[in-house]
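Index from 1, following the sequence. Keep in mind that this is a model prediction, so the values were computed, not measured. The figures here come from the full heavy-atom set of this structure, side chains too, leaving out hydrogens, waters and symmetry mates.
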Amino acid sequence: MPKTPLHPSPPPLEANDVAIVGGGTVLWFVAFLVLLPFQGTLSDHKHGSWPWICLSGGLLGLIGLWYCRARRDAIARSRAAEAALREADGNSTGNGTGDGTGPAAQSD
């Protein structure tokens, strides 16, 4: 049986990580608020830690939100720096892009 040719991996998909982590964080806090009135009943059935687990998930989600926002901003800064570098390289070739060295800027 012949082997099928390998295809290159597709580029990674971009996702809105801040929205995903934010939604999960909100769900953890909602679960905490829903379980808090039942703390006594949960403790009687040996599940008293559930509300505190939800609170911990919400607080860790806040750390995740901070991380995702910092990561998103760093990626944006990196892309902007790369674009500026490409723009600067394009202007330094003397192709008349407005830097005063192209043929349109020369006088007779």
Side-chain angles (χ1 to χ4, degrees):
M1 178 182 249
K3 289 187 177 182
T4 58
L6 295 178
H7 298 287
S9 298
L13 296 175
E14 294 292 328
N16 190 352
D17 299 336
V18 176
I20 294 168
V21 173
T25 302
V26 167
L27 289 175
W28 278 115
F29 281 124
V30 167
F32 170 71
L33 293 175
V34 167
L35 291 176
L36 198 57
F38 302 105
Q39 177 65 32
T41 305
L42 290 169
S43 294
D44 292 343
H45 292 94
K46 308 224 188 290
H47 298 295
S49 62
W50 284 8
W52 310 115
I53 291 170
C54 294
L55 180 62
S56 299
L59 294 174
L60 288 172
L62 292 176
I63 295 170
L65 272 174
W66 170 80
Y67 174 79
C68 286
R69 291 182 68 203
R71 179 180 176 272
R72 178 192 61 192
D73 295 342
I75 290 170
R77 282 191 307 271
S78 174
R79 287 183 179 161
E82 288 175 4
L85 184 61
R86 280 193 303 269
E87 182 69 25
D89 286 344
N91 285 342
S92 66
T93 60
N95 57 7
T97 56
D99 60 354
T101 62
Q106 296 175 352
S107 63
D108 291 299

_Hydrophobic cluster partners of Ile63 (side-chain heavy atoms under 4.5 Å)_ = Leu60

*Taking the hydrophobic residues Ile, Leu, Val, Met, Phe, Trp and Tyr, and joining any pair whose side-chain heavy atoms are under 4.5 Å apart, which ones share a cluster with Leu13?*
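Members alongside Leu13: none; it stands by itself.
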
Determine the minimum heavy-atom distance between [X] and [Y], stating which atoms define it.
X: Ser43; Y: Gly48; answer: OG-CA, 3.7 Å
X: Val21; Y: Gly61; answer: CG1-O, 3.8 Å
X: Gly58; Y: Thr25; answer: O-CG2, 3.5 Å

*Going by the ring-ring contact (aromatic ring centres under 6.0 Å, His included) test, which pairs reach into residues 14-41, not counting sequence neighbours?*
Phe32-Trp52

*Scan for salt bridge (charged side-chain N to carboxylate O under 4.0 Å, His left out) pairs involving residues 15-31, sequence neighbours excluded, and state none if there are none.*
Asp17-Arg71

*Quick one: which residue pairs count as a salt bridge (charged side-chain N to carboxylate O under 4.0 Å, His left out) with a foot in residues 39-55, not counting sequence neighbours?*
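Non-adjacent pairs meeting salt bridge (charged side-chain N to carboxylate O under 4.0 Å, His left out): zero.
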
_Results of side-chain contact (heavy atoms from CB on, under 4.5 Å) for Glu14 - residues two or more places apart only_ = Arg79

*Any donor-acceptor pair under 3.5 Å from Ser78 side chain to Ala74 backbone*: no

*Out of curiosity, Gln39 CD to His47 NE2, how far, rounded to the nearest 0.5 Å?*
12.0 Å

*asked:* Could you see if Leu62 belongs to whatever hydrophobic cluster contains Leu55? Use Ile, Leu, Val, Met, Phe, Trp, Tyr and a side-chain cutoff under 4.5 Å.
replied: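 Yes.
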
*Is it possible for you to say whether Leu65 and Leu59 belong to one hydrophobic cluster, with membership spreading through side-chain heavy-atom contacts below 4.5 Å?*
yes

